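If you're wondering where the values come from, they're calculated on a predicted model, not measured in any experiment. Counting starts at 1 for both ligands and their atoms, in listed order.
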Amino acid sequence: MSEKKTTTSKFGKPSNSGKRTTYKKAAPKPAQEKSTPSKKSRCPYFKKCGACQMIDTPYPKQLRQKHAHVAELLEPYTRVASFIGMEEPEHYRCKVHAVFTHDKKGNPLSGIYREGTHDVVPIDTCLLEDQKADAIIASIRGMLKSFKIKTYDEDNGYGLLRHVLIRIGKNTGEIMVVLVTVSPIFPSKNNFVKALLKEHPEITTIVLNVNDKQTSMVLGDKEKPMYGPGFIYDICCGMKFKISPKSFYQVNPVQQEVLYNTAIEMADLKGDEVALDCYSGVGTIGIIASPHVKEVISVELNKDAVKDAKINAKINEVKNITFYENDATRFMQQMAESGDKVDLVFMDPPRAGSTPEFIESMAALAPKKVVYISCSPDSLARDLKLIAKKGFKVEKAVPVDMFPFTRSIETVVLLKKSSVSVD
Ligand code: SAH
């Protein structure tokens with residue numbers, strides 16, 4: 001697989017005139033701005049798909065608009081640094097999903113669901129998706145007729161193939177193909193695998209996942225490798241991570257490194273800290289931080305993610321990390337009640353943000369620093385208000401563009417314990 005250059009750079013000025021009115025007047029909130037559908041969008045699927053709201057906005061302008069939005073929300077706390085954008089912002093998605101269906105004549109089609117529906121918009125290539133992944137999906141679609149494999153029909157339940165999911169380890173070159181079918185019986189399985197590998201020898205594993213339920217979930221419970229180990233590895237910030245079909249793993253590996261490096265740099269670790277990694281997923285942040293601290297305690301609600309996290313710690317021979325499967329709020333409350341102290345908290349909650357109870361208990365634990373990684377500036381601003389009331393001061397906020405061409409904004413914020421709380 002050809003590796004793209006993975007350097008990043010800062011785009012767009014930080015709106016550092018310092019004049020707040022400039023933010024407000026010059027740049028509308030991305031949420032309010034029209035999707036700039038020029039007469040002819042550069043994406044042929046723009047109108048039907050609707051996933052990339054900023055597809056026709058020049059990249060530096062996207063970053064300026066997103067910066068203005070987060071800067072306005074965080075204005076009471078800090079001046080937001082420049083957005084860290086991508087040098088090459090297209091084709092960044094290393095997790096690609098295609099729904100399979102057919103036209104009235106029975107010809108196989110693949111694409112994505114039109115927003116909020118189960119109508120399939122047929123797609124050949126996407127400006128966000130990894131091009132190799134798109135090529136593999138096109139090959140599979142092209143092979144179906146000769147192998148007499150029918151695509152699944154949601155209306156009458158006939159057919160076999162429902163979805164194809166591709167996951168790529170950008171830094172290892174490993175590629176996983178997941179074929180999601182309604183039945184475990186895949187006709188001419190070995191020949192199909194052989195033919196696919198002939199076209200794409202760079203595939204390192206193929207998994208058959210069976211999903212026989214009427215559900216909007218892509219993956220079912222049962223799965224079996226058809227070729228290779230059934231998972232791939234990727235490397236991020238020098239650590240190796242196992243990616244199974246269902247593992248949560250960031251979709252933009254270039255910016256994932258930038259995001260975690262930013263968080264670790266901000267934490268300015270000295271080596272003697274006890275760090276808490278809350279909402280830890282498959283353990284990425286805690287594992288990457290582990291060589292730089294005395295001890296990491298990680299908490300995550302999802303059972304499978306905790307299982308993967310333990311495997312990831314083992315693969316990397318990390319011995320100073322402990323994983324807990326628990327609700328982060330409950331865990332924080334228990335820690336606070338037991339009178340434990342920690343030096344640092346990393347928190348990376350889902351879009352909804354954290355809870356007032358979590359913040360209350362975190363304050364009782366009295367860490368010197370908090371590094372908050374947020375995928376929603378709205379819930380971030382809401383939570384910062386509460387955290388600031390507990391005597392923490394926002395020192396820095398750095399937005400990282402994880403999802404170019406969309407309105408999503410990821411921000412890393414450093415807070416330091418300053419004084420008494422203001423309750
Ligand atoms: N830090 C990880 C994952 C961040 S995504 C990474 O960088 O990859 C947010 C994570 O929070 C998800 O793994 C989700 O399962 C977890 N989560 C959601 N609600 C939670 C809760 N109440 N308590 C603990 N973890 C939770």
Side-chain angles (χ1 to χ4, degrees), residues 93-95 167 169-171 217 219 233-244 246-267 275-290 293 296-313 315-316 318 321-336 344-362 365 370-377 379-380 383 398-403 408-413:
R93 280 194 70 97
C94 280
K95 178 181 177 185
R167 303 196 70 166
K170 196 76 177 170
N171 294 315
M217 299 284 284
L219 297 173
Y233 290 113
D234 197 21
I235 291 170
C236 178
C237 300
M239 294 292 193
K240 203 169 172 182
F241 294 97
K242 181 181 169 186
I243 307 173
S244 309
K246 283 185 195 151
S247 301
F248 173 86
Y249 197 70
Q250 293 280 357
V251 300
N252 182 339
V254 173
Q255 293 300 84
Q256 181 185 23
E257 288 223 347
V258 175
L259 182 77
Y260 296 157
N261 280 332
T262 304
I264 304 279
E265 264 171 42
M266 269 191 192
L276 259 182
D277 177 15
C278 301
Y279 309 92
S280 56
V282 294
T284 30
I285 296 169
I287 289 172
I288 291 164
S290 66
V293 297
V296 184
I297 300 164
S298 294
V299 58
E300 159 66 43
L301 190 62
N302 183 290
K303 192 169 110 214
D304 294 328
V306 175
K307 217 166 118 193
D308 283 347
K310 286 180 181 167
I311 294 169
N312 287 330
I315 295 168
N316 292 288
V318 173
I321 191 164
T322 316
F323 298 100
Y324 293 91
E325 182 195 323
N326 204 341
D327 168 54
T329 298
R330 201 174 324 134
F331 186 80
M332 276 309 228
Q333 288 170 328
Q334 287 163 359
M335 290 265 306
L344 171 78
V345 172
F346 288 106
M347 55 188 286
D348 185 8
R351 288 190 71 78
S354 193
T355 64
E357 295 80 13
F358 176 99
I359 293 165
E360 183 79 39
S361 303
M362 182 168 77
L365 284 176
V370 176
V371 177
Y372 190 141
I373 300 158
S374 154
C375 57
S376 160
S379 58
L380 172 66
D383 288 349
V398 180
V400 178
D401 199 24
M402 300 297 286
F403 307 100
S408 297
I409 298 174
E410 193 99 7
T411 316
V412 191
V413 175

Distance to 0.1 Å, residue and atom name: give those for the protein heavy atom nearest to atom 22 (N) of ligand 1. Asp327 OD1, 2.7 Å

Given Leu301, Val282, Ile288, Ile285, identify the one with the heavy atom nearest to atom 25 (N) of ligand 1. Leu301

For ligand 1, indicate whether the residue Cys278 contacts it via side chain, backbone, both or neither (heavy-atom separation under 4.0 Å). neither

4.0 Å heavy-atom contact, Ala305 with ligand 1: no

Please indicate whether Lys246 has more than 12 foreign heavy atoms, meaning atoms of other residues, nucleotides or ligands, lying under 6.0 Å from its NZ. yes

Top protein contact for atom 18 (C) of ligand 1, by heavy-atom distance: Pro350 CG, 3.6 Å

Contact with ligand 1 for Val299, non-hydrogen, under 4.0 angstrom: no

Do you know which two heavy atoms are closest between Ser280 and Glu300, and how far apart they sit? OG-CB, 3.3 Å

Answer yes or no: does an N/O atom from Ala328 fall short of 3.5 Å to an N/O atom of ligand 1? yes

Tell me: protein heavy atom nearest atom 3 (C) of ligand 1, and distance? Tyr279 O, 3.6 Å

Please identify which atoms of ligand 1 are closer than 4.0 Å to at least one heavy atom of Asn326. 23 (N), 24 (C)

among protein heavy atoms, the one nearest atom 9 (C) of ligand 1 is Asp348 O, 3.4 Å

of all protein heavy atoms, closest to atom 7 (O) of ligand 1 is Tyr260 OH, 2.6 Å

What pair of heavy atoms forms the shortest contact from Arg167 to Ser247, and how long is it? NH1-O, 2.7 Å

Below 4.0 Å, non-hydrogen atoms only: which portion of Phe248 touches ligand 1? Side chain, backbone, both or neither. side chain

In terms of heavy-atom contacts, Val296 and Ser290 come closest through CG2-CA, 4.0 Å

Just to confirm my output: which protein heavy-atom neighbour is closest to atom 12 (C) of ligand 1, and how far is it? Glu300 OE1, 3.6 Å

Does the ring of Tyr233 carry Lys240 above it, NZ/CZ under 6.0 angstrom from centre and within 45° of its axis? yes

Have a look at Tyr260 and tell me which of Val400, Val412, Ile287, Ile285 forms a side-chain contact (heavy atoms from CB on, under 4.5 Å) with it. Ile285

